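Okay, structure first, notes after.
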Amino acid sequence: MKKLVMISICLIFSSILSFAQENNVQVKWGKKQRLGKNTSLGNPVAFEDGNLYMLKRKPRKLFSKTAKYEIARYNDNMALEKILPLELKEGKKWKTLDQVVYMKEEMVLFSSFKNQKLKKNFLFFQTIDKKTLKPNNDLKKIAEIDYSDNSRYNAGNYGFEMSRDSTKFMVYYNLPYNKKEKEKFGFHVYDQQMNTLWNKNITLPYTDKLFHVGDYELDNEGNVHIIGRIFKDRVKLERFGKPNYKFEILSYYDQGNSLEKYQIQTEDKFLTDMQIAISDEQNIICSGFYSDEGTYSVKGSFFFKIDRESKAIISKNYSEFSIDFITQHMKPGKQKRIKKRAKKGKNRELYEYDLRDIIIKDDGGIVMIAEQFYIRVVTNTRTNSNGITATTTSYHYYYNDIIVVNISADGTFKWTEKIAKKQHTVNDDGHYSSYDVAVVGDKLHFIFNDHKKNMEYKGDGKRLRYYKGKKSKSLAVMVTLDANGKQSKKALFSVKDKKMYLRPKFCKQLLANQVLVYGQKGRNHYLGKMTFVD
């Protein structure tokens with residue numbers, strides 16, 4: 001789960017009519033907003049002087065080529081002050097909204113337009129007036145993709161990335177290339193005032209057939225790092241039971257003119273998932289999971305640190321999950337079977353965990369967060385008495401336990417914790433599942449939806465699954481991990497009482513001690529703020 005962090009934000013809801021306080025947490029709700037069908041408030045754009053700016057996306061109408069957007073401003077009480085449609089036109093034709101970001105006290109709008117006559121996809125930049133909410137008259141073309149050798153349906157797309165200290169901003173995009181050629185990218189790196197620091201077209205040292213780009217990282221000095229999997233002969237995770245790929249980092253320094261390649265590999269461990277972060281000292285931190293069994297299971301976590309100057313690995317460490325940790329929160333029968341297998345020397349691992357995020361701590365250490373997630377597709381075929389056969393397909397979304405790994409700056413594993421969470425919903429794209437995390441001081445606060453009877457769960461016994469629809473049994477909860485990994489849990493609100501469901505994936509952190517939250521029940525949407533007090 002890589003997030004483009006433009007501001008710190010997180011969402012919680014209710015009505016200013018009610019003001020709740022739960023120990024060190026205050027929750028303040030905004031008034032109900034009724035939106036059209038399939039319309040959502042979208043992502044927060046900026047938070048400044050108590051004002052919150054958000055995008056609202058309207059669904060694309062039949063025969064329309066683009067969705068419509070509005071930009072809204074809310075005051076400190078989460079009351080709507082102003083809302084205005086975003087006019088995105090190039091002559092008489094609509095442009096595509098690519099991104100709205102907050103940079104150096106300015107709201108910046110990026111939009112693109114595919115010129116079919118010239119066979120070029122243009123990217124534009126302009127600022128937005130925070131009082132009127134209208135785009136200013138400073139429209140500027142900053143990039144273009146020539147797709148003359150491709151069809152109009154393959155005109156390329158723009159991606160965006162911001163450095164961790166928010167002083168650098170990057171636009172990147174694929175450049176056209178033939179099937180057997182090496183993959184090509186365009187990179188544009190800017191400062192806070194959107195002055196160009198450098199731009200360059202780069203050809204990767206591999207074809208896309210053997211190198212799959214996973215993510216991009218822009219460091220505080222404006223260098224670009226690409227993480228990906230390099231396959232030995234063909235794109236297949238395993239061959240003959242052994243890993244068929246290695247993780248590799250391609251780092252472009254000196255305004256893209258200097259390339260350093262770092263292969264992250266081990267002789268006896270299968271690295272299944274990895275993310276990178278760049279420390280304040282410009283060292284590359286790699287962390288993730290490893291396995292002995294395959295690509296969908298994890299046995300433990302690893303940590304690598306690559307020195308910026310010497311390019312050498314200066315720290316390497318592994319931490320295997322204990323059998324008690326692996327079986328934690330499992331049913332007694334399953335715990336017994338796995339422990340029995342372990343005593344016989346058989347592998348025991350955790351399955352379907354996705355590495356979501358790496359948080360760099362002030363002391364140079366990191367916190368790694370993963371979540372068990374998978375989708376199960378169920379197809380049923382029935383024939384009625386008239387001989388007519390009908391087939392239905394259901395998508396089951398599972399978002400379960402969270403793993404949190406705390407690693408010190410020298411690579412020592414301080415503690416590993418598992419947060420109990422059991423969410424199973426059907427045909428809803430998991431809108432109300434998963435979690436959000438807020439970092440407040442030396443504590444981590446995880447916010448998610450849960451079954452109310454799980455408040456009594458203390459680590460063993462039966463857990464009940466959360467699924468949207470049982471509002472009388474649904475709670476929005478917060479699990480807090482302190483600096484030593486000790487857990488505490490509290491209920492934030494009851495869905496039945498507040499008449500809304502938490503939307504955790506929309507949560508972002510506003511300030512060091514403040515979180516913005518988003519609630520929804522049908523067409524009714526709510527915004528609010530959760531404040532942590534001493």
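Being a predicted model, the structure only gives us computed values, none of them experimental. In this chain, residues are counted from 1 in sequence order.
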For [X], check ring-ring contact (aromatic ring centres under 6.0 Å, His included) against everything at least two apart and list the hits.
{"X": "Y262", "answer": "none"}
{"X": "Y252", "answer": "none"}
{"X": "F325", "answer": "F321"}
{"X": "F122", "answer": "none"}

Does some side-chain heavy atom of [Y] sit less than 4.5 Å from a side-chain heavy atom of [X]?
{"X": "D129", "Y": "T127", "answer": "no"}
{"X": "R308", "Y": "Y253", "answer": "yes"}
{"X": "V298", "Y": "D273", "answer": "no"}
{"X": "Q423", "Y": "F448", "answer": "yes"}

In chain order, what residues pass the side chain to side chain contact (heavy atoms under 4.5 Å, CB included) check against [X], with sequence neighbours excluded?
{"X": "A277", "answer": "I358, I360"}
{"X": "N220", "answer": "S163, R164, D165, D280, Q282"}
{"X": "N427", "answer": "S394, Y395"}

Among all residues two or more places apart in sequence or in another chain, which pass the salt bridge (Lys or Arg N to Asp or Glu O under 4.0 Å) test with [X]?
{"X": "R523", "result": "none"}
{"X": "E81", "result": "R73"}
{"X": "K305", "result": "none"}
{"X": "K130", "result": "E48"}

Y435 ring centre to R356 NZ or CZ under 6.0 Å, with the angle to the axis within 45°?
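The answer is no, since R356 fails at least one limit relative to Y435.
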Whether K31 engages the ring of Y526 as a cation-pi pair (distance to the six-membered ring centre under 6.0 angstrom, angle to the ring normal within 45°) should be assessed.
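Ring-cation test returns no.
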Can you confirm whether the side chains of [X] and [Y] place a donor and an acceptor under 3.5 Å from each other?
{"X": "Y457", "Y": "H329", "answer": "yes"}
{"X": "Q192", "Y": "T167", "answer": "no"}
{"X": "K361", "Y": "N406", "answer": "yes"}
{"X": "K490", "Y": "N24", "answer": "yes"}
{"X": "Y399", "Y": "K505", "answer": "yes"}

F185 side, atom CZ; Y173 side, atom OH - distance, nearest 0.5 Å
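Going from CZ on F185 over to OH on Y173, the span is 11.5 Å.
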Atom CD of E417 and atom CD1 of I369: how far apart are they, to the nearest 0.5 Å?
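So the CD of E417 and the CD1 of I369 are separated by 13.0 Å.
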For Q126, side-chain hydrogen bond (donor to acceptor under 3.5 Å, both in side chains) partners two or more places apart:
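Scan of Q126 (side-chain hydrogen bond (donor to acceptor under 3.5 Å, both in side chains), adjacent residues dropped) gives none.
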